[in-house]
Each structure stands twice: as C-alpha cells, then as structure tokens.
Amino acid sequence: MMIISSGPRRLLIAVVSVVAALVPFYSAHAEMSAWADNEGGRMRLVALAPDAGGKIRAALQIEPKPGWITYWKEPGGNGIPPQITIPAGSGVTLDAIAYPVPKHFFNGTVEDIAYDTPVTLPLSLTAAGKGPVTIDAAAFIGICRDICIPFQANFQLKLGPAIQSHPQEEAILQAADAKLPKPPSQDFGVTAHAMSPDRKTLSLTLVLPGGEPGEGKGAPDIIVTGPSGHAFTKQIGGKRDGATFKVDVAIGKLPENYDISGKRWGVLVIDGERAMETTLAFQ
C-alpha cells in the first residue's frame, strides 16, 4: 500500500481482477512474442539469445492506448507496479528489471508515477547450462484511465542461437537502455542526506546540472523510494543556489517498528531533460 491517498477509480480493481487471470500464452519461436491485447493497451516480450556466460538481454514492451497510463516500480496512489515472474526450475532466472524515467501525474488527491506513452522495461535474465533456451514468463501490470484494469499475459520465447543477427530486437533494447536514468556524476548527484530523528523529513543536498552562481531555476522532481510500496515526493523549503539544491522531503507513515539503520533507499531526481538515480545508505 502506497502512502499517498487513492482515488475512486482504484475501487474497480477487485471487480475485474478475475477476468485478468484468464489469459492465453503468447508463444514464439523467435526473439519477439506476439502482442497481448487489453482494453487499455498491449504488451509483448523481446529477448536475445544468451551470451557465453548465460546472460540474456530482454525487455517487456508496454504500449498504453491514448489517455491510458501504466505504472513505474513505485506507482503512487494505489497503482499496480509491474510484476514479471518466471517459474523456478525453468532454467531461466530473472535478475533485475530496469525502469525508464517516469512522469508525475496529479488528479486532485491522486498522485501517479507512471507512463502515458509506450515504454520498454529492460530485463536481465540468466540461463542455466547450455543448449536451447525457452523463456516462460508471466507479466502483470496495471493500466488505468477512469478505471484501473489489471493486465496479465503469459509469454513463451524459444531463443535461437546467438550467432544469428536480430537487428530489430537489438534496436528495441538499445532504445530502452537510452531512456534509463543515469547513475550519479560529478555534475548531478546527491552530496549529502540525513533523516530527522523523528523520521518525518529527509534532508537532501544535491548538485544539479547546468547551474551557475545566482542562476534561478525551478525545483527538480524528486522521488524517494523507501520500504517496498512507499514513495515520497513532497518537497519542503527547497532552495536552489546555482548548481546546489537543498530540500527536505516529507516522509509519510512507515511500517510499524521500521528500523532504518542499515537500510538503503532509492532516489530519482529529474531536472529538465536529465534524470539521475542512486541509493541512499542509512547508518
């Protein structure tokens, strides 16, 4: 449960969730599945053959219809974050899901962190052993307009030999990687962070790109991700001085008896056309 209040459209999720479970397999013998269709959009799986170490580059392509959105990893409100599962013992494991830079949407008290245009989520997979590889994956996402519809599809890809060229799949994966937030750099990153003793505010000091002494610019968009299911975005008293930006981020209700010691939270900072993502370690 996210800490941001939800809107009435979320109440329809439970009503339609049974329908979402009744989906066929979308199978292929190549490196790209057929599209799975839904009232609010479509999605498919793309993958390349494993390299010599068994690593597989793959991606879930999601295309919401105009006026619809699909969600980031911490969606805001009561949205549904993307979920991808691969059966244990299938010979393929999912190592990581990457997320392109999302948008912030506000509708009254409802806050969504989401995508309203086609988005491709890069996937890192590992195949055990050698020989032919089959990916069996179940994808579950939320797709919303006036209502939220859970969208589930099962995909199967039988990967060909790595010696074959697949320029279309390569181009899809390369374009997806280009839209990911960048790691911290000398001109864009978090230089200091501290949690208040009452755990109500997180103080951040950032270095932002393109700042000159005395130059006035607006506040960047900051999304702090704490425990699973929690995102914090409300800024308090932000001050920009050239390339330096200092701000407090309001921390909403945390899980009961939550101990922040030793935890690592995430932070995504969007400043103009650039985005940076990193982790915050707490002592």
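The shown structure was predicted, so the numbers you read here are calculated from the model rather than taken from an experiment.
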Undergrad: Other hydrophobic cluster members with L173, side-chain heavy atoms of Ile/Leu/Val/Met/Phe/Trp/Tyr under 4.5 Å, chained?
TA: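 Traced through the cluster, L173 reaches L48.
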
Undergrad: Should Y99 and I113 count as side-chain neighbours, where that means a heavy-atom distance under 4.5 Å?
TA: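 With C-beta onward as the side chain, the pair stays apart.
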
Undergrad: If two hydrophobic side chains count as joined below 4.5 Å and joins carry through other members, does V207 share a cluster with F188?
TA: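 In one cluster with V207: F188, no.
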
Undergrad: Has the side chain of Q235 got a donor or acceptor atom that lies under 3.5 Å from a matching backbone atom of P220?
TA: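 A pair under 3.5 Å: yes.
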
Undergrad: Hey, are the side chains of Q61 and I172 touching, using non-hydrogen atoms and a 4.5 Å cut-off?
TA: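 Yes, close enough: below the 4.5 Å cut-off.
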
Undergrad: Within the side chain of S196, is there an N or O that forms a donor-acceptor pair under 3.5 Å with the backbone of T201?
TA: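 Pair found, side chain donor or acceptor close to backbone of T201.
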
Undergrad: Any sub-3.5 Å donor-acceptor pair from R240's side-chain atoms to G218's backbone N or O?
TA: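 Looks like yes, one N/O pair under 3.5 Å.
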
Undergrad: How many angstroms lie between CG in N38 and CD1 in I149, if you round to the nearest 0.5 Å?
TA: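 So the CG of N38 and the CD1 of I149 are separated by 5.5 Å.
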
Undergrad: When you compare the side chain of D271 with that of F245, does any pair of heavy atoms fall below 4.5 Å?
TA: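 No, side chains not in contact.
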
Undergrad: List the atom pairs, donor and acceptor, that lie under 3.5 Å between side-chain atoms in residues 118-126 and the rest of the protein, sequence neighbours left out.
TA:
{"unit_1": "T126", "atom_1": "OG1", "unit_2": "K55", "atom_2": "NZ", "d": "3.0"}
{"unit_1": "T126", "atom_1": "OG1", "unit_2": "D95", "atom_2": "OD2", "d": "2.5"}

Undergrad: Would you check if E31 and V46 make a side-chain contact, meaning some heavy-atom pair closer than 4.5 Å?
TA: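 No. Closest side-chain heavy atoms not under 4.5 Å.
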
Undergrad: Listed by chain and number, what are the side-chain contact (heavy atoms from CB on, under 4.5 Å) partners of P184, not counting sequence neighbours?
TA: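 In terms of side-chain contact (heavy atoms from CB on, under 4.5 Å), with neighbours along the sequence ignored, P184 is linked to M276, T278.
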
Undergrad: For residues I97 and I223: do they belong to one hydrophobic cluster (side chain heavy atoms under 4.5 Å, members Ile, Leu, Val, Met, Phe, Trp, Tyr)?
TA: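 Linked, I97 and I223 end up in one cluster.
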
Undergrad: Please report the interatomic distance CG(D37) to CZ(R44), rounded to the nearest 0.5 Å.
TA: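 D37 CG to R44 CZ: 11.5 Å, rounded to 0.5 Å.
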
Undergrad: List the atom of E74, the atom of A231, and the distance in Å for their closest heavy-atom pair.
TA: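 Taking every non-hydrogen atom into account, CB-CB, 4.1 Å.
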
Undergrad: Holding to side-chain hydrogen bond (donor to acceptor under 3.5 Å, both in side chains), I want the full list of residues that pass it with Q83, two or more places apart in sequence or in another chain.
TA: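 Counting only residues at least two positions away or on another chain, Q83 forms no side-chain hydrogen bond (donor to acceptor under 3.5 Å, both in side chains).
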
Undergrad: Taking all non-hydrogen atoms of both residues into account, name the closest pair between M43 and W35 and its distance.
TA: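 Looking at all heavy atoms of both residues, the shortest contact is C-CE3, 3.4 Å.
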
Undergrad: Atom CD1 in I80, atom CD1 in I141: separation rounded to 0.5 Å?
TA: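 Between atom CD1 of I80 and atom CD1 of I141 there are 9.0 Å.
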
Undergrad: Less than 4.5 Å apart, any side-chain heavy atom of I222 and any of L206?
TA: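 Side-chain contact under 4.5 Å: yes.
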
Undergrad: Please determine whether residues L280 and L208 belong to a single hydrophobic cluster, defined as Ile, Leu, Val, Met, Phe, Trp and Tyr linked transitively by side-chain heavy-atom distances below 4.5 Å.
TA: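 Yes, L280 connects to L208 through the hydrophobic network.
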
Undergrad: Out of K65, R145, K103, which one pairs with D116 under the side-chain hydrogen bond (donor to acceptor under 3.5 Å, both in side chains) rule?
TA: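 Per the side-chain hydrogen bond (donor to acceptor under 3.5 Å, both in side chains) rule, the option paired with D116 is K103, out of K65, R145, K103.
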
Undergrad: Less than 4.5 Å apart, any side-chain heavy atom of F151 and any of T70?
TA: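 Of all side-chain heavy-atom pairs linking T70 with F151, none is under 4.5 Å.
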
Undergrad: Let me check something: do Y258 and L202 share a hydrophobic cluster, defined by ILVMFWY side-chain heavy atoms less than 4.5 Å apart, either directly or through other members?
TA: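 Yes, same cluster.
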
Undergrad: Give the minimum heavy-atom separation between Y71 and C144, together with the two atoms involved.
TA: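 The answer is OH-SG, 3.2 Å.
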
Undergrad: For the NZ atom of K73 and the OG1 atom of T225, what is their distance to the nearest 0.5 Å?
TA: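 Spacing of NZ (K73) from OG1 (T225) equals 5.5 Å.
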
Undergrad: Does anything in residues 185-205 pair up under salt bridge (Lys or Arg N to Asp or Glu O under 4.0 Å), and if so which pairs, sequence neighbours excluded?
TA: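 Salt bridge (Lys or Arg N to Asp or Glu O under 4.0 Å) check on residues 185-205 returns D187-R274.
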
Undergrad: Looking at R57 and E170, does any basic side-chain N land under 4.0 Å from a carboxylate oxygen?
TA: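 Judged by the 4.0 Å cut-off on N to carboxylate O distance, R57 and E170 do form a salt bridge.
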
Undergrad: What is the minimum heavy-atom distance between G238 and V247, and which atoms define it?
TA: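 Nearest pair, atom of G238 first, then V247: CA-CG2, 3.6 Å.
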
Undergrad: If you compare all heavy atoms of V101 against all heavy atoms of L180, which two are closest, and at what distance to 0.1 Å?
TA: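 Closest approach of V101 to L180, heavy atoms only: CG2-C, 4.4 Å.
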
Undergrad: Given side chains that start at C-beta, do those of N154 and D136 come closer than 4.5 Å, heavy atoms only?
TA: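 No, their side chains stay 4.5 Å or more apart.
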
Undergrad: Can you list every ring pair (Phe, Tyr, Trp, His ring centres under 6.0 Å) pair that touches residues 262-283, not counting sequence neighbours?
TA: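 Only H193-F282, F232-W265, W265-F282 qualify under ring pair (Phe, Tyr, Trp, His ring centres under 6.0 Å).
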
Undergrad: Short question: side chain of Y115, backbone of I62 - any donor-acceptor pair under 3.5 Å?
TA: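 Looks like no, no N/O pair under 3.5 Å.
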
Undergrad: Any chance you could measure I56, atom CD1, to I135, atom CD1, to the nearest 0.5 Å?
TA: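 Interatomic distance, I56 CD1 to I135 CD1, rounded to 0.5 Å: 4.5 Å.
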
Undergrad: Which heavy atom of K253 sits nearest a heavy atom of H230, and at what distance?
TA: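 The answer is O-CD2, 3.3 Å.
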
Undergrad: Take atom NZ of K246 as the centre, draw a 6.0 Å sphere, and report whether it contains more than 12 heavy atoms from other residues, nucleotides or ligands.
TA: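 Atom NZ in K246 is not packed in, count stays at 12 or less.
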
Undergrad: Can you get from I251 to V190 by hopping between Ile, Leu, Val, Met, Phe, Trp and Tyr side chains that sit under 4.5 Å apart?
TA: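 As far as the 4.5 Å side-chain criterion goes, V190 and I251 are connected within one cluster.
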
